[in-house]
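Here's the structure we're looking at; comments come further down.
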Amino acid sequence: MKFSRAIHFDESDRNTYFNSARTGEWCIPGSFEFSNWSRIDLQGKARQAFASGWLGLETFGRVTFVAVTTIEPLEIDSLVRALARHFVEFYGAPTVDAAAGVARGEIEYMIGICRDHPINTVMSINRELVDEGVRERFRTIKPKAAGIEQFAIHLEPHH
């Protein structure tokens, strides 16, 4: 099974978002955070989180890029519980059990996004506010096939 992890190419996310995700944490689009937003809410760092931020599932911070990798089923269950707790703490869900179905749906959505991409594919997200709500678009950068000569060490024989 495939899922996505936060990656950083530089330190810019620390300046871009109020709370930046930690490198390596599991991520989902997290667009539910913006479901009640209007154009008035789209200012500064909040606008950046809306426009291009993936949601980390440990810090609940945002990150600009994620990479596709493999995940174990037990890790999926742990992510569902963490997200369900987040729904209780920040969105007023009555209980973790009550929120688990919605949380599982968000996790499965990310599994579906990653399913057909090779491992190490880098992804970005772009959101816009439209009359129907939030529109998401995903961009991918496929991993390049590395030639063996990039890794080979050539030694001169000793005489």
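Since we're looking at a predicted model, the values are computed, not measured.
- For Thr59 against Asn19, the heavy-atom pair with the smallest separation is O-ND2, 3.1 Å.
- Remark: Ile28 CD1 to Met110 CE distance equals 8.5 Å, nearest 0.5 Å.
- Counting heavy atoms from C-beta on, the side chains of Tyr17 and Lys45 never come closer than 4.5 Å.
- Between Tyr109 and Pro29 the shortest heavy-atom distance is CE2-CG, 3.8 Å.
- The environment of CG in Asp10 is crowded: more than 12 heavy-atom neighbours from other residues, nucleotides or ligands sit within 6.0 Å.
- With hydrophobic clusters built from ILVMFWY side chains whose heavy atoms lie under 4.5 angstrom apart, Val134 does not share a cluster with Val130.
- Under the rule for a side-chain contact (heavy atoms from CB on, under 4.5 Å), the partners of Thr23 that lie at least two apart in sequence or sit in another chain are His8.
- Counting only distance, with no hydrogens or angles, the side chain of Asp41 and the backbone of Ser38 share a donor-acceptor pair below 3.5 Å.
- Using modelled atom types, no side-chain atom of Ser20 and backbone atom of Gly61 make a donor-acceptor pair closer than 3.5 Å.
- Under the 3.5 Å distance criterion, with hydrogens and angles disregarded, a donor-acceptor pair is assigned to the side chains of Ser31 and Glu136.
- Under the 4.5 Å side-chain heavy-atom criterion for grouping Ile, Leu, Val, Met, Phe, Trp and Tyr, Val102 is connected to Phe90 within one hydrophobic cluster.
- Note that OG1 of Thr64 is 10.0 Å distant from CD1 of Ile7, once rounded to the nearest 0.5 Å.
- Going from atom OG1 of Thr16 over to atom CZ of Arg47 covers 12.0 Å, rounded to the nearest 0.5 Å.
- For the pair Met1/Ile111, a side-chain contact is recorded, criterion being any heavy-atom separation below 4.5 Å from C-beta on.
- Checked for salt-bridge contact, Glu33 and Arg127 miss the test: no charged N lies under 4.0 Å from a carboxylate O.
- Phe34 and Ala49 get closest at one heavy-atom pair: CZ-O, 3.5 Å.
- Taking the salt bridge (charged side-chain N to carboxylate O under 4.0 Å, His left out) definition, one finds that Arg137 meets it with Glu128, sequence neighbours left out.
- With sequence neighbours excluded, the residues satisfying side-chain contact (heavy atoms from CB on, under 4.5 Å) with Ala46 are Phe18, Trp37.
- Under the 6.0 Å cut-off for aromatic ring centres, Phe32 and Tyr91 qualify, their centroids lying closer than that.
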Quick one: side chains of residues 70-88, donor-acceptor pairs under 3.5 Å with protein atoms, not counting sequence neighbours, listed by atom name and distance.
unit_1: Glu75; atom_1: OE1; unit_2: Glu72; atom_2: N; d: 2.9
unit_1: Asp77; atom_1: OD1; unit_2: Arg104; atom_2: NH2; d: 3.2
unit_1: Arg81; atom_1: NH1; unit_2: Asp77; atom_2: O; d: 3.3

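- Ion pairing of Glu58 with Arg22 is present here, as a side-chain N (NZ or NE/NH1/NH2) and a carboxylate O approach within less than 4.0 Å.
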* For Val122 and Phe9, run side chain to side chain contact (heavy atoms under 4.5 Å, CB included): C-alpha distance rounded to whole Å, both residues' side-chain angles, the deciding distance at 0.1 Å, then the answer. => CA-CA 11 Å; Val122 173; Phe9 296 111; 4.3 Å; yes
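- Pairs passing the ring pair (Phe, Tyr, Trp, His ring centres under 6.0 Å) check and including a residue from residues 121-143, sequence neighbours excluded, read Trp54-Phe138.
- Between atom CD1 of residue Ile125 and atom CZ of residue Arg62 there is a gap of 8.0 Å, rounded to the nearest 0.5 Å.
- Hydrophobic clustering (ILVMFWY, side-chain heavy atoms < 4.5 Å, transitive): Val66 and Ile141 are in distinct clusters.
- Atom CZ of residue Phe50 and atom CZ of residue Arg39 lie 8.0 Å apart, to the nearest 0.5 angstrom.
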Could you pull out all donor-acceptor pairs under 3.5 Å where a side-chain atom in residues 113-121 meets a protein atom, sequence neighbours excluded?
unit_1: His117; atom_1: ND1; unit_2: Lys142; atom_2: NZ; d: 2.7
unit_1: His117; atom_1: NE2; unit_2: Ile113; atom_2: O; d: 3.4
unit_1: Thr121; atom_1: OG1; unit_2: Pro118; atom_2: O; d: 2.6

* Show the numbers, then the answer: is there a side chain to side chain contact (heavy atoms under 4.5 Å, CB included) between Cys27 and Val63? => CA-CA 8 Å; Cys27 294; Val63 64; 3.8 Å; yes
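- How far CZ of Phe3 is from CD1 of Ile107: 4.0 Å, rounded to the nearest 0.5 Å.
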